[in-house]
Every structure is written in structure tokens, then in C-alpha cells.
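Below: one structure, written as C-alpha cells.
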Protein chains: 2
Amino acid sequence: MANIHQIAERAGVSVATVSRVLNNAPTVSPKTRSKVESAIKELNYQPSMLGRNLRNSESRLILVLLPTFSNPFYSEIINGIQDTVIAKGYNILLCETDSRPERENIYFNMVKNKLADGVISMDPTINMKKLKELAESHPVILCSEYEEGGCIPYVTVDSELAAYQAVKHLIQLGNEKIALINSDEKFLYARQRRAGFERALKEFSLPIREEWIYHTKGLDFQHGVHAMRMILQQEEKPTAVFAVSDTLAIGALKAINMELRAMEPIAVVGFDNISFSSMTNPTLTTVSQPMYNMGCTAADMLLNSMKGERVENIVLDHELIIRESTMG
Amino acid sequence: MANIHQIAERAGVSVATVSRVLNNAPTVSPKTRSKVESAIKELNYQPSMLGRNLRNSESRLILVLLPTFSNPFYSEIINGIQDTVIAKGYNILLCETDSRPERENIYFNMVKNKLADGVISMDPTINMKKLKELAESHPVILCSEYEEGGCIPYVTVDSELAAYQAVKHLIQLGNEKIALINSDEKFLYARQRRAGFERALKEFSLPIREEWIYHTKGLDFQHGVHAMRMILQQEEKPTAVFAVSDTLAIGALKAINMELRAMEPIAVVGFDNISFSSMTNPTLTTVSQPMYNMGCTAADMLLNSMKGERVENIVLDHELIIRESTMG
DNA sequence: CTGAAAGCGCTAACAA
DNA sequence: TTGTTAGCGCTTTCAG
């Protein structure tokens, strides 16, 4: 692969002029420009990103941290991020942390090492302390999961309100015995969704029964299946269940289908509106998060932050999508 | 952020010695090493990847091309790739082409520009001509979708055989009227799966009826729903359907559930064994592809190819997973 | 409008 | 065992 010197030689100009042509500098005469351009064509030259990046001290790479690829929730967000940054000449370095702390270090170093110009984290399991440290000297945006009162800008939805509305919907349908399938409450979203759940129950003077609250160890379908089974083992069974993730809700639906064919149906509400949620039987009532838009927003915020602008936190709108799983 | 000169100065050594410590060269005395190491600690130094990459003329980044994030099939493969390359000190640059040719160019240039050291393509829509051109001078591996008789090494499964076995399973269950939901036959896997489908029918002297073969314009659930609806509009309805992707099969299942509650059940077989396929109602019989392993294998092949080794094509084993959708 | 030259941060050949 | 130095490929100031 040719380098800039060979182009300069071939075109009979200096490397500076080649560089100017490469960067569309206005101060190049048309004649010189075309000489350089033909040299570039003839030698099939591509400027090296490595050299350019070193000189400019930027990589034009955005690091995106996510806990796992297996939850489709993240796929949609990534779509939004990718479309947004590509339009600005950036690319994404996608990193699944798998909730493994040793991986975090690799990624944080990549940023410190200048291999990435900024970070979007969607990982609730991330080491906030380290991330905040990184954020002091590098652009960082939190997407979806965030930190209350923290100093890192975020884009998210109002989980508490969304959960409240979801549970209220169940109550208004006549359900008085409502279970909650939550994930680990070390995550902010889990605490918020639980708070919304409790607010709705309290508003209607319904008791909060701990035996109907189950905390899963993950968000896979199987965790939802297991949670629902545990809840169904209770002597008194709930008539409805709110799960904090569609994946859990879909697992719950499966467990209900398997174990309760002869019983009263149990209403189910999920959270996220992943594309599967309209393919289940029954289709799933769920809180729709604007995932694609959230990705775009996070990317815009990061790009602005990288330009040195101050960015504000953003809370996007959600929407309760009512489908068959709460229609008896 | 400090650079190597500052460390050298602080430690009272030359930059070469610092570099040696950084790269664990054996020819550094323990005393010097510890001087350098404390300087590194004190200044909180991280070597710049930009400088190192330029010097070494490598980026330690692997470009992974995939058509879309929304098919979970790819997520699993990516897991395998990521785990494998991270262990070798590489990272992945994940690129969704969305089947947009202009994006392809961006990515190909990244490789030519040295921003990526090698490519794993899982994108059936990729411009093979350009990819082959790239492969002449850069390491490239095809994963899942490949080219028969082409020169780019690949890892895949035997789609024809898998499809044959899947359809044979349907026939042995007593089905004689079997529909095929295929994607666009410009894709090799689609042609191969159709060939397997036809081989099974022929073996049992069953006619191939074009009105029961539907080609979708994509692999989303909705395409499966639509395809099944079209097939169900036929005067004579099939008793079973083979879909070349779980996403399509799940959509088909949905269409069947919606439109045929009172009718004979229609058996369905999918392809991929995505995790959602055990959550549907009924659970989906499907061909399991070793997705994680395929990702690991592709990554290993690429890494070897980057070392200059010759790599052989690999065909991994598949397995028919029999679930409720073919059990009446 | 163009060229010479410095330098981004690092590694490695060579010399000592 | 360590230091000096050239140079990876590029951009950009400064001088002309």
C-alpha cells in the first residue's frame, strides 16, 4: 500500500500538498489538485488511519459498553448509536462486558490509550467509581442505566413512572393480587421499577406481599421461567404479574402456559417492547422504550460532549403498549 | 496524559528502556525495571495505542460485518468471536451493514487504512467481488454464509443436509404437504436449504409445489407472519412448513396461531435454534447451529490467517432439536 | 499557492 | 544492560 510520500513523488508535489488535497483544503490550485488526484487513483492510495490518528490524536472510534448481546433491547439501541455516529465519520467499538470486571479494565484502558475517543455505557453492572474517574478526563455518556445525582450525563426513561402506569393498568383491569418479577435491586432501574410498582399498589390500598416479589439473577428467558414457577408455588397465587424486562415476562408467560392450562389466566406486563413481544402467545403487554431514539440521543450527546459542549440529561418518553396478555 | 518521554525522564532512563519495560523485554535489570515501573505508577501512565499501532503497523482490531443486530443468530456468533479475540489481545469493531453498499465501502476502507487488521464477514448481502479483492491483500474469513469454490476461507454448517433432515423429519411424521418459507435465493444458504428441502421430498416421491414455496424479503418475524398468511390463503393448505430461519418460523407460528385456532395444527420447523425458539407456544422444532462455536472458529481462523498460516475451510455439525411444534 | 520541516508516541536496529 | 536514533504516515506551522 502506497504512502503519502509516494503520492507526492508521483504527482511531483510535496507531501504537504497531498495532505491538503486529502483534507479538501481550499488553498490548492485546481491544476495541482488534479495532478495529486490522478496520482492517488493510479497508485490506488488510501491514507492510513494510523498515521492520521496519531497526528490528530483521535481515533474516531466510540466505545460502546453493554452487558450482553443476548438481550434484544440493546440491539435496537446500538442501531441508533451506529446510524448516528457513522453519519459523523465515527465508528463503534462494541464491547460486551459480560459483567466481567477484568474486561472493564481492558476497555477503560482503550479510552485512556486513545484507542477510543469517547464512551457510551449501557452496562448496569459497570464499576461506577472507575467510570466516574474516567469521565473526569474523557467524554462519557450513560444510556438507559444511570446514576442519580451523579456527574455523568445520561439519557433514559422514567422507569418509576412507567412501572407505576403498568401496574395501575393491571389494577384497573381488576387485579388485586399482583406479583413482581424484578432483577437484582443493586441496579437503579430495578429499584425504580419496584418503587413504581409499590406506588401503584399503595394508591389503591393493596398490600405489598413479599412472597409475590421475586428477584432474578439475570434477564434471560430462563430466569423469567424460573421466577414465575417460584411464584406459582405459593399457596395463594397472584392474578397478574409485572416483569421488569420483556425477556423475563416472556419466560413468565411460558411458565404460565406450561403449568396453568386449566387455570384462570394470569395477566402479564413486561418492559422494553422488544420485537419478540408481539410474537408470543398471547402477545405481551409491555412498556415501550424508544430504544432506537435512545441510541441516537446518547450518540448525539457524546458527540457534543466530545466537542467540548456541556450536555444535559435527557429523559425520553415511554408508552404502555396493551396487548393480549392483559386482555384475559 | 503522560508520554513515554516523561516516564523516561522521571525514571532517569531512555525511552528505549521504558519501551522495553512496557513490552516485557527480558534484557532489563530488575533495578531499572522497578525505577521505570514506579515512574509509570506515579504519573499514571498508559502507553498510547495510537503511537504503538502506527509503529507496529497494526491496530489489533478485527472488523466484524453483519447484516443486522436484530437477528439473535448473530449475537451468539459475536459472543464467540469476542471471547476468542479478546483472549489474544484483540478487539472487535462491529459493523452492521444493514445491507447498505455505501457502508461496505467505509468498512473496506477501514481495513485498507489499517484501522482493522482483519475481517470476519457474516453478511450474505456483501459485495463478494469487492470482498475477494480485499482478501487478496488482507486476512478475511467468511462465517456462516460463504462462497462455493471461492478463495476466501469459511466456517459454516451443511445447510443442505440440515434442511434435508428437517424436512425428512416432517415427512416421517406423516406430513405429505410441506411448505417452504425461504428467503431470497440470491443467498447461498437459501439455495442450499431449498435443495435439501427438495431432496427430501423427492426421496419420498412427494411433489414440489411452487404455490407452497414462499420467498420473503427479509428475516424479521413479520416476514414470517406474512409468508405464512400467503401460504394459508392457498386453496389446498399444507400440513407442515419448513422455514429457513427461526425468526421466520416464529412468525409463521404466530400466523398459524392467529388464523387457525379451529383447524388442524400445522407442524413447523425452523433453523438456528435461537434462544427464543424454546419460549414460543408451541416450542419450536429447529436445526441447531453451533453459533458460539462458529464464532470462536471464525476468530481462530482469522487469527491464524493473520499470522500468515494457511487456513482450511471448516464445516461444523448441526443438530435437529425436536420440540412441540412437530409433535401435534 | 506550495514546500520544508517538526513532531504526534512508540519500537527496534545498532552502537556502546 | 542501556542509550541513541531513525522512522512508522500523517498534519500543520511557518516561510517563501
Side-chain angles (χ1 to χ4, degrees), chain A residues 1-37 39-40 43-61 89 109-117 137-138, chain B residues 1-37 39-40 43-61 89 109-117 137-138:
Chain A
M1 174 67 68
N3 65 23
I4 199 171
H5 283 100
Q6 297 168 32
I7 302 300
E9 195 175 2
R10 176 88 166 212
V13 299
S14 73
V15 293
T17 300
V18 178
S19 176
R20 287 188 188 102
V21 172
L22 256 23
N23 294 287
N24 290 314
T27 67
V28 182
S29 77
K31 210 163 56 177
T32 313
R33 183 179 297 273
S34 76
K35 270 196 303 186
V36 173
E37 277 166 353
I40 289 175
L43 298 184
N44 191 23
Y45 167 71
Q46 297 279 353
S48 156
M49 283 301 162
L50 259 27
R52 179 174 287 175
N53 289 346
L54 175 59
R55 173 63 219 222
N56 293 343
S57 194
E58 63 167 19
S59 61
R60 298 196 84 79
L61 255 29
N109 283 343
M110 293 177 69
V111 183
K112 293 187 191 156
N113 288 342
K114 302 252 171 210
L115 228 190
D117 296 340
S137 46
H138 300 270
Chain B
M1 174 67 68
N3 64 23
I4 199 171
H5 284 101
Q6 296 167 32
I7 301 300
E9 194 175 2
R10 176 88 166 212
V13 299
S14 72
V15 292
T17 300
V18 178
S19 177
R20 287 185 189 106
V21 172
L22 257 22
N23 294 287
N24 290 314
T27 68
V28 183
S29 77
K31 212 164 53 180
T32 313
R33 183 180 297 274
S34 76
K35 270 196 303 185
V36 173
E37 278 165 353
I40 289 175
L43 298 183
N44 192 23
Y45 166 73
Q46 296 280 353
S48 155
M49 283 299 162
L50 260 28
R52 180 175 286 174
N53 290 346
L54 174 60
R55 174 64 220 221
N56 292 345
S57 194
E58 62 167 18
S59 61
R60 297 195 84 80
L61 255 28
N109 283 343
M110 292 176 70
V111 183
K112 292 187 191 156
N113 289 341
K114 302 253 172 210
L115 228 190
D117 296 340
S137 48
H138 299 270

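Here is the naming used below: chain letters follow the sequence lines, and residue numbers restart at 1 for every chain.
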Mind checking salt bridge (Lys or Arg N to Asp or Glu O under 4.0 Å) for B:R60 and listing every partner two or more places apart, or none if nothing turns up? B:E58
Select from B:R20 and A:S48 the residue whose nearest nucleotide in DNA chain D is closer to the 5' end of that strand. B:R20
Whole Å only: how far is the [atom1] atom of [X] from the [atom2] atom of [N]?
X	N	atom1	atom2	answer
A:I4	D:dT12	CD1	P	11 Å
A:N113	C:dC8	CG	C1'	15 Å
B:E58	D:dG9	CD	C1'	16 Å
A:L50	D:dG7	CG	P	19 Å
A:R52	C:dC8	CZ	C1'	15 Å
B:Q6	C:dG9	CD	P	8 Å
A:R55	D:dC10	CZ	P	13 Å
B:L43	C:dG9	CG	P	14 Å

What nucleotide among [options] has an atom nearest to a side-chain atom of [X]?
X	options	value
B:S29	C:dC1, D:dT1, D:dT12	D:dT1
A:T17	C:dG3, D:dT11, D:dC10	C:dG3
A:L54	D:dT12, D:dG9, C:dC1	D:dG9
B:N3	C:dT11, C:dA5, C:dC10	C:dC10
B:Y45	D:dG3, C:dC1, C:dG9	C:dG9

A side-chain contact here means heavy atoms from C-beta on lying under 4.5 Å apart; do A:R33 and A:N24 qualify? yes
Min side-chain heavy-atom separation A:I4-A:L22 under 4.5 Å: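 Yes, close enough: below the 4.5 Å cut-off.
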Which is true for B:V18 with a 4.0 Å heavy-atom rule: it touches a base, it touches only sugar-phosphate, or it touches nothing? nothing
Under 4.0 Å, heavy atoms only, any strand: does B:V28 hit a base, just the sugar-phosphate, or nothing?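 Sugar-phosphate only.
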Relative orientation of the end axes in the helix from C:dC1-D:dG16 to C:dA16-D:dT1, expressed as an angle to the nearest 10° (five pairs per end):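 Helix axis angle between the two ends: 40°.
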For B:K31, is there any backbone N or O sitting under 3.5 Å from a side-chain donor or acceptor partner on B:S34? yes
Spell out, as yes or no, whether a donor-acceptor pair under 3.5 Å connects the side chain of A:N109 to the backbone of A:K112. no
Phosphate OP1/OP2 of [N] contacted by [X] side-chain N/O (<4.0 Å):
X	N	answer
B:N23	C:dT11	yes
A:S14	C:dT2	no
B:S57	D:dC8	no

Scanning both residues in full, the closest heavy-atom pair of B:V36 with B:T17 reads CG2-CG2, 4.4 Å
Quick check: closest heavy atoms across A:S59 and B:L50, and the distance to 0.1 Å?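 For A:S59 versus B:L50, the nearest heavy atoms are CB-CD1, 4.4 Å.
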Just do the side chain to side chain contact (heavy atoms under 4.5 Å, CB included) check on A:N23 and A:R52 with the steps written out, would you? CA-CA 11 Å; A:N23 294 287; A:R52 179 174 287 175; 4.2 Å; yes
